[in-house]
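Below, read A as the first sequence line, B as the second, and so on, with proteins coming before strands; counting in each chain starts at 1.
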Amino acid sequence: MAIEVRIPTILRNLTGDAKVVEGSGATLGELFTDLDNRYPGIGARLVDDGKLRRFINVYLNDEDVRFVGGLDAELSDGDNVTVLPAVAGGSR
Amino acid sequence: MRIDRSIYDQIVAHARRDHPDEACGIVAGPVGSDRPERFIEMINAERSPTFYRFDSLEQLKVWREMDDRDEEPVVIYHSHTATEAYPSRTDVSYASEPGAHYVLVSTRDPETAELRSYRILDGEITEEPVEVTGAPTGR
C-alpha cells in the first residue's frame with residue numbers, strides 16, 4: 001500500500017533532499033514508523049511520546065489529521081499525506 | 001533584508017489593524033531569490049494578544065499555491081502588541097524555515113511602528129538590517 005508523503009524543507013536533510021517520499025501503513029502512526037525505518041530519525045521529528053508533535057501540521061488528503069483521528073487516522077492506497085512546519089509563536 | 005516600501009507598509013498596516021491581537025502573515029518570493037514580493041495576510045487562528053498560529057488549512061492552501069508558483073516564504077512576519085519587536089522564546093522554538101527572514105513588528109506605541117528582521121537558525125537569533133526600497137509614502 002503506497003502512500004505519498006510530502007516532506008517540508010526542514011526535514012529534507014533526513015530524506016536525502018527528497019521532497020516527496022513513499023511509505024506504507026494502515027494508519028498514520030504505522031506510516032510514520034515505516035518512514036522512520038526508511039529514513040532513520042524522521043519519526044522522532046514527527047511523533048513525541050505517542051502523539052503528533054505540536055510543531056508540525058500533518059494533512060491527510062487536505063484534512064488536518066488532528067481533526068480526523070491523529071496518528072490513528074486510517075489510510076488507504078493512494079492517499080496523500082503532507083507535512084508542514086506549524087507557523088506559530090507569541091510574545092511570551 | 002531588502003523589502004519594498006509598499007510591502008513594508010502593508011505589514012505595518014495589518015499589524016495595526018489587528019491590534020491588540022497579534023497579526024501574522026508571509027511575503028512570498030521566487031525560490032532562491034531572497035526577494036519578498038507577494039504579500040499574504042494570514043489568519044491568526046489563536047486571535048490572541050500574546051500568541052499566533054497560522055490556521056492550518058489556510059496554511060496548506062497558501063503553501064500549495066507557493067509550490068505551484070515556485071515560490072517560498074521569504075518573510076514570515078508577526079506582531080507583538082505590548083512588547084518589543086524581538087523574537088520570544090516561543091518564536092524561536094517554532095522557527096522552522098532556516099531560509100526565511102523572521103520579521104517582528106511591535107505595535108505597543110500607537111505613533112511609531114517598530115519593524116525588525118531576524119534569522120533564526122538552530123535556536124540562535126541573528127538580527128539583520130532592514131533596507132526599505134522604493135518611493136517613500138510620507139511616513
Side-chain angles (χ1 to χ4, degrees), chain A residues 3-21 28 31-32 35 39 41-49 51-71 73 75 79-92, chain B residues 20-22 24-26 31 40 42-46 48-64 66-67 72-73 76-100 102-108 118 120-122:
Chain A
I3 312 286
E4 192 183 278
V5 186
R6 299 184 77 85
I7 303 292
T9 319
I10 188 89
L11 297 181
R12 285 182 203 153
N13 59 328
L14 297 168
T15 61
D17 268 343
K19 201 170 164 177
V20 180
V21 300
L28 188 68
L31 171 71
F32 286 169
L35 285 185
Y39 308 103
I42 204 165
R45 305 290 297 276
L46 301 169
V47 178
D48 179 40
D49 205 11
K51 281 190 295 204
L52 277 177
R53 280 191 176 275
R54 65 194 170 97
F55 297 106
I56 55 155
N57 294 331
V58 180
Y59 305 90
L60 169 58
N61 303 327
D62 300 0
E63 292 283 350
D64 185 329
V65 295
R66 289 191 170 86
F67 304 124
V68 294
L71 291 172
L75 305 179
D79 277 347
N80 289 296
V81 170
T82 302
V83 179
L84 290 182
V87 183
S91 52
R92 282 186 187 157
Chain B
D21 286 346
E22 293 196 4
C24 57
I26 65 167
V31 170
I40 306 169
M42 301 288 288
I43 294 163
N44 177 2
E46 303 286 332
S48 156
T50 53
F51 198 71
Y52 82 98
R53 176 189 283 270
F54 285 8
D55 174 82
S56 62
L57 295 181
E58 183 184 43
Q59 188 189 346
L60 178 65
K61 190 184 124 246
V62 168
W63 255 243
R64 283 250 168 88
M66 282 194 288
D67 232 18
E72 61 189 355
I76 297 176
Y77 73 87
H78 77 281
S79 63
H80 284 175
T81 57
T83 54
E84 69 171 326
Y86 191 82
S88 66
R89 254 193 351 216
T90 319
D91 293 335
V92 173
S93 65
Y94 272 98
S96 55
E97 296 285 353
Y102 283 88
V103 166
L104 275 285
V105 186
S106 173
T107 54
R108 63 181 165 174
Y118 307 86
I120 306 176
L121 198 55
D122 297 326

Query raised in the report: What part of Ser79(B) is in contact with chain A, defined as an atom under 4.5 angstrom from a non-hydrogen atom: side chain, backbone, both or neither?
Result: neither
Report summary line: For Gly89(A) and Phe51(B) the tightest heavy-atom approach is O-CD1, 2.9 Å
**Report entry** Largest heavy-atom contact set with chain A, pairs under 4.5 Å, which of Glu97(B), Met42(B), Arg64(B), His78(B)
**Finding:** Arg64(B)
Report task. Kindly determine whether Phe54(B) and Leu84(A) satisfy side chain to side chain contact (heavy atoms under 4.5 Å, CB included), including the steps that lead there. Result -> CA-CA 11 Å; Phe54(B) 285 8; Leu84(A) 290 182; over 6 Å; no
Query raised in the report: Non-hydrogen atoms of chain B under 4.5 Å away: do they reach the side chain of Arg54(A), the backbone, both or neither?
Result: both
Report summary line: One option among Lys61(B), Glu72(B), His80(B) has the most heavy-atom pairs under 4.5 Å with chain A, and it is His80(B)
Query raised in the report: Which pairs pass salt bridge (Lys or Arg N to Asp or Glu O under 4.0 Å) with one or both residues in residues 80-92 of chain B, sequence neighbours excluded?
Result: Glu84(B)-Arg116(B)
Query raised in the report: Will you find, in the side chains of Ser56(B) and Asp64(A), an N or O donor that is under 3.5 Å from an N or O acceptor?
Result: yes
**Report entry** Partners meeting salt bridge (charged side-chain N to carboxylate O under 4.0 Å, His left out) with Glu46(B) (sequence neighbours left out)
**Finding:** Arg53(B)
Requested in this report: Let me know if Pro87(B) has heavy atoms under 4.5 Å from chain A in its side chain, its backbone, both or neither.
Outcome: neither
Query - Per-residue contact mode, Asp55(B) against chain A (heavy atom under 4.5 angstrom) - result: neither
Requested in this report: Search all heavy atoms of Asp62(A) against all heavy atoms of Leu57(B) and return the closest pair with its distance.
Outcome: O-CD2, 3.5 Å
Query raised in the report: Do you know the tightest heavy-atom contact between Ser91(A) and Thr83(B)?
Result: CB-OG1, 3.6 Å
**Report entry** Segment of Ile76(B) engaging chain A (4.5 angstrom heavy-atom cut-off)
**Finding:** side chain
Query raised in the report: Where does Gln59(B) contact chain A at under 4.5 Å (heavy atoms): side chain, backbone, both or neither?
Result: both
Report summary line: Applying a strict 4.5 Å limit to non-hydrogen atoms, the region of Phe55(A) in contact with chain B is both
